[in-house]
Each structure stands twice: as structure tokens, then as C-alpha cells.
Colleague: 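Handing you a structure now.
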Amino acid sequence: MKNFTYVNSTKIIFGKDTESLIGEEIKSFGGKKVLFHYGGGSIKKTGLYDRIIKSLAENQIDYVELGGVQPNPRLSLVRTGIELCKLHDIDFILAVGGGSVIDSAKAIGIGAVYEGDVWDFFTGNATIESTLPVGVVLTIPAAGSEASTGTVITNEDGWYKWSVNSVLIRPKFAILNPELTYTLPDYQTVCGASDMIAHVFERYFTNESGVDFTDELCEATIRSIMRCVKMVLKDPTNYDARANLMWEGTLAHNGILGTGRIEDWASHKIEHELSAIYDIAHGAGLAIIFPHWMEYVYKHDIYRFARFAHRIFNVDVDFFNLEATVLEGIKRLKNFYKEIGLPTKLKDVNIGSEHFEEMAKKATINGPIGSFVKLNTEDVFNIFKLALE
Ligand code: NZQ
Ligand code: ZN
């Protein structure tokens, strides 16, 4: 097990009606003038918008609104948000929505206190030294951005979807009310589950030995996500299933499952190329890429993959043919994705091979990706080919 330091400063406020605490929480973190940031309008349809405004008013918190965050959030709106923050002396950013809104808020937060262009942080030309504080009301369990160190933004100029990480951008607090997720369309629910599972896989497939405790946490988390998502599809207002799924989404990506391990992240980099160019849901892209990444790399550590097949998918281990055990595990993963309504091939989302070369080059623009197995441009190209049909 590697040495590690783990701090997660995000205050989690979990449960029914907790969004009514929003005004008080912002006040307790010193917020007086807030940028209220949200997406394409689901919060207006559900009435959440009105409840937020009410709580802000009750706590004498002034606000400026910026809605319109699109899934795979865009740099241009981030720039608009930064201008608004500077113009109105904003001292706190409130993100109400999913990963896209939260990521956009985080990017606005670092850009608002920086003289140069915010994209500098994503290209590595600037380092995050401070940010406006960000608070979250989460409406979809998926990206884990509510307690993560990352933000992922798409630059429309060239369709680069890049991320930047810093412990400084973890939100100050995240309000998680599972009831707010009842209105999610099934497709968003399953894309969220796929993203959570991928966040665990990125940590599970490691070359680090002696990490049995976090191995088992990873396996239990994935099994539980798979169980809960099926329950939620049957009964979208099953509170406990929604609640478990929501908490799993946070724990899958708040860093705890990666403690003492070296994480991989190649599949995420590969997927970001797909959602950058084709604007598909991140979780759908991961359901396509991950099983094919597995097929491409499993020989690197067949024992770990046999463990994956056995512990997560109950495959009987064939000690004389571990390869068959592994391939059965990958097949069951694909079948699970199909069963809950996710695509597992590029063909399923009408993506052909026309951009494979460009995407493979972009994914490896800073050199080989991944750490479990290092992948170069040709490897990424081959994984796209495997994922085609
Ligand atoms: O925009 P609105 O109208 O709110 O609709 C959203 C959006 O269309 C809808 N939605 C959300 N909550 C709802 C709801 N509809 C009905 N009822 C509700 N309660 O869901 C759609 C998707 O929202 P989005 O925020 O895009 O989803 P998600 O949370 O999956 O975020 C995806 C983004 O996060 C990035 C992804 O790359 C992608 O851009 N990620 C961020 C990470 C991080 N910062 O740590 C890590 C992840 O690996 C990921 O890369
Ligand atoms: Zn993800």
C-alpha cells in the first residue's frame, strides 16, 4: 500500500428536505452575494428553484442568476459566469444540479479570482491557488463532483474536453436529498450509475499490492450500485434505493476508494474524447469504453481480472482457464449495461470510425495515458476499434 494523505473537507448534508437549509449554510460560509448557477431548467419544473430562492431570501442573501449549463459544460458559459462574478462582487457560488453545473461552478470559481484566462488552468499554464467558495445542491448522483477535486470543461474552440484537479476546489458543502432525484429520466439514472461504477474501476485496476481493504470496498460499492439502480428502475420513488445510490455516487469519487493505490483513469480520458466531439452522456460513453478497455488490457494482470469476475459478477473461477473466467466477467458487465438500457458499442450511439485517429491523438496529446497499463495513441485507436461493433 502506498503512503497517502487524505483530507476531504466537503461537508455533506444528507436526507429529506435538506435543501431548505441552503440559505443558512451559505451564510455560515460567509456568503452574502451569490452566483446561483443551474442547468437547462429541470429545477424550475420540479419546484426546487422556488425553494432555493425562498431560502436565500429568508437569509437575506443577495443573488445573481446564471442558468443554461449544458451537459458536458462549455467554456463560453464559464467565461460569462466569471464576468458576472467580477461585475457583481460575488463572494459565493451556488451550484444546483449535476456534475455539469458543479464543474461549471468550480471553473467559474477559479477564474473569478484569476487575472488571466481560465483555460490556462486546464492547459497547465497556471496552477490553482485560490477560488471563490462553491456550495452544491445535487440533483443527480453520477459524476461525484459534489465532493471531488476535479472539474471537466469542454472548450468549443477545437472541442477539447479537459480537466483540472486541486483539493482547493472541493465544494464547501453538498446538500444531498435523494427525493430530488425522483424526477430523473431512466436514461440519466443509468448513465449516472455507469459513471459511478467507472469511478470505482479506475481505482480498482491498480498495480499496487496489499490493498485488500480498499479492494473489498470497491467490490462492495459496485455490487451495491448494480443492485440499487435496478431497484430504482422498477420503482423510481423508492427512497432507500435512491438514497443508497446517491451516497454511493459520492463515495465512488470522493477519493476514499483510491487511498493507498495508484489510480488508472485511461478509460475516462478516452471517453472524454467521445463526449467532447459527439456530446453523448459521459456515463453512456463509459459503458461503451470500459468493457473494451478491459478486453484490451486484461492479460496484464489476469489474477486481478479473475478476482473482478468472481467477486463482482459471481463467475466461478476456472483455475485451469483464467482467461475464460475473465471473459465471462466482462461479458456479464456488458450484459448488465444492456439490461439497464445503456449502450455497449459505438454503433449503438451511431458513432463510426471517422474521428478515431483524431480522438486517439487528442487523448494522448500529453503522452501515454493510464497507469495500470500505459496506453499510447495506437492503443487508444485500437480500443476505439474494439468498441465499434
Ligand atoms: O440541465 P437540467 O435541465 O437540470 O437537466 C439535467 C441534464 O440534462 C438532468 N437532470 C439533472 N438532475 C435532474 C435532471 N432531470 C430531471 N430531474 C433531476 N433531478 O440530467 C442531465 C445530465 O446532467 P449532468 O449534470 O450533465 O450529469 P452528470 O452529473 O452525469 O455530469 C456529467 C458531467 O460531469 C463530468 C462529465 O464529464 C460530464 O461533463 N464529470 C465530472 C467529474 C468531476 N468533476 O469530478 C468526474 C466525472 O468522471 C465526470 O467526468
Ligand atoms: Zn466519470
Side-chain angles (χ1 to χ4, degrees), residues 8-70 73 77-114 118 128 130-140 143 145-148 151 166-181 183 246 250:
N8 193 325
S9 51
T10 304
K11 175 179 178 183
I12 303 291
I13 303 160
F14 194 98
K16 294 180 181 177
D17 301 322
T18 43
E19 67 275 15
S20 62
L21 300 170
I22 190 70
E24 278 170 49
E25 280 304 319
I26 293 175
K27 217 152 77 176
S28 77
F29 285 97
K32 292 190 186 72
K33 191 150 191 199
V34 169
L35 181 75
F36 175 12
H37 202 31
Y38 55 90
S42 72
I43 67 162
K44 289 194 172 159
K45 279 191 214 132
T46 58
L48 176 60
Y49 175 91
D50 295 327
R51 298 205 293 284
I52 300 276
I53 299 289
K54 182 166 171 265
S55 178
L56 295 179
E58 281 167 0
N59 288 278
Q60 295 83 43
I61 294 171
D62 206 1
Y63 67 90
V64 174
E65 240 181 87
L66 180 61
V69 179
Q70 289 169 257
L77 194 73
V78 168
R79 291 195 173 121
T80 306
I82 293 169
E83 277 170 31
L84 283 176
C85 287
K86 291 183 175 170
L87 186 68
H88 296 282
D89 287 326
I90 296 293
D91 58 19
F92 196 95
I93 305 176
L94 168 61
V96 183
S100 296
V101 176
I102 303 168
D103 284 2
S104 185
K106 287 174 169 175
I108 293 170
I110 54 176
V113 294
Y114 176 61
V118 66
I128 298 174
S130 65
T131 176
L132 288 181
V134 172
V136 170
V137 178
L138 187 67
T139 63
I140 169 172
S145 184
E146 65 277 8
S148 83
T151 165
S166 163
V167 288
L168 297 175
I169 63 172
R170 279 199 213 268
K172 292 289 172 206
F173 66 81
I175 290 181
L176 274 57
N177 174 359
E179 289 178 317
L180 298 181
T181 68
T183 53
M246 199 167 207
T250 303

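Source: prediction; values computed, not measured.
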Colleague: In a table with atom names and distances, give each donor-acceptor pair under 3.5 Å that connects a side chain of residues 106-113 to protein atoms at least two apart or in another chain.
Modeller:
unit_1	atom_1	unit_2	atom_2	d
Lys106	NZ	Ser145	O	2.8
Lys106	NZ	Ser145	OG	3.0
Lys106	NZ	Ser148	O	3.1
Lys106	NZ	Ser148	OG	3.2
Lys106	NZ	Gly150	O	2.7

Colleague: Do side-chain atoms of Thr10 reach the backbone of Lys172 as a donor and acceptor pair under 3.5 angstrom?
Modeller: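 No, the answer is negative, given that no donor and acceptor are paired below the 3.5 Å cut-off.
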
Colleague: Examine distances only and state if a side-chain atom of Asp91 and a backbone atom of Gly31 form a donor-acceptor pair shorter than 3.5 Å.
Modeller: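 Side chain of Asp91 to backbone of Gly31: no pair is present.
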
Colleague: Using the ring of each side chain (for Trp, its six-membered ring), is Phe92 parallel, tilted or perpendicular to Phe173, with breaks at 30° and 60°?
Modeller: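 Rings of Phe92 and Phe173: parallel, under 30°.
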
Colleague: Could you go through Asn59 and Ile26, starting from their C-alpha distance and side-chain angles, then the distance that decides it, and tell me whether this counts as side-chain contact (heavy atoms from CB on, under 4.5 Å)?
Modeller: CA-CA 9 Å; Asn59 288 278; Ile26 293 175; over 6 Å; no

Colleague: Look at the side chain of Ser104 and the backbone N and O of Ser100, then say whether any donor-acceptor pair between them is shorter than 3.5 Å.
Modeller: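 Flag not set: sc Ser104 to bb Ser100 has no pair under 3.5 Å.
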
Colleague: Is any side-chain heavy atom of Ile140 less than 4.5 Å from a side-chain heavy atom of Thr181?
Modeller: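 Side chain of Ile140 against side chain of Thr181, heavy atoms only: no contact under 4.5 Å found.
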
Colleague: Is there a side-chain contact between Val34 and Ile93, using heavy atoms and a 4.5 Å cut-off?
Modeller: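 Heavy-atom side-chain distance check fails, nothing below 4.5 Å.
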
Colleague: Counting C-beta onward and ignoring hydrogens, is there a side-chain heavy-atom pair between Leu94 and Leu35 closer than 4.5 Å?
Modeller: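 In short, these two side chains do not touch, never coming nearer than 4.5 Å.
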
Colleague: Can you name the closest pair of heavy atoms from Ser55 and Leu21 and give their distance?
Modeller: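 Looks like OG-C, 4.4 Å.
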
Colleague: Which class fits the ring pair Tyr49 and Phe36: parallel under 30°, tilted 30 to 60°, perpendicular over 60°?
Modeller: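 Rings of Tyr49 and Phe36: parallel, under 30°.
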
Colleague: Scan residues 58-69 for pairs that pass salt bridge (Lys or Arg N to Asp or Glu O under 4.0 Å), counting only residues two or more places apart or in two chains.
Modeller: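 Residue pairs passing salt bridge (Lys or Arg N to Asp or Glu O under 4.0 Å), neighbours aside: Lys54-Glu58.
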
Colleague: Just so I know, are the side chains of Val136 and Ile175 near enough to count as touching, which here means a heavy-atom distance under 4.5 Å?
Modeller: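 With C-beta onward as the side chain, the pair stays apart.
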
Colleague: Test: salt bridge (Lys or Arg N to Asp or Glu O under 4.0 Å). Region: residues 8-27. Which pairs qualify, not counting sequence neighbours?
Modeller: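 Listed once each, the pairs are Lys11-Glu25, Glu19-Arg51.
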
Colleague: Taking Thr131 for the side chain and Pro133 for the main chain, is one N or O donor matched with an acceptor at less than 3.5 Å?
Modeller: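 No, because the side chain of Thr131 does not come within donor-acceptor range (under 3.5 Å) of the backbone of Pro133.
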
Colleague: Between Ala147 and Arg170, which heavy-atom pair has the shortest distance, and what is it?
Modeller: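 Smallest heavy-atom distance, with atoms named: O-NH1, 2.7 Å.
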
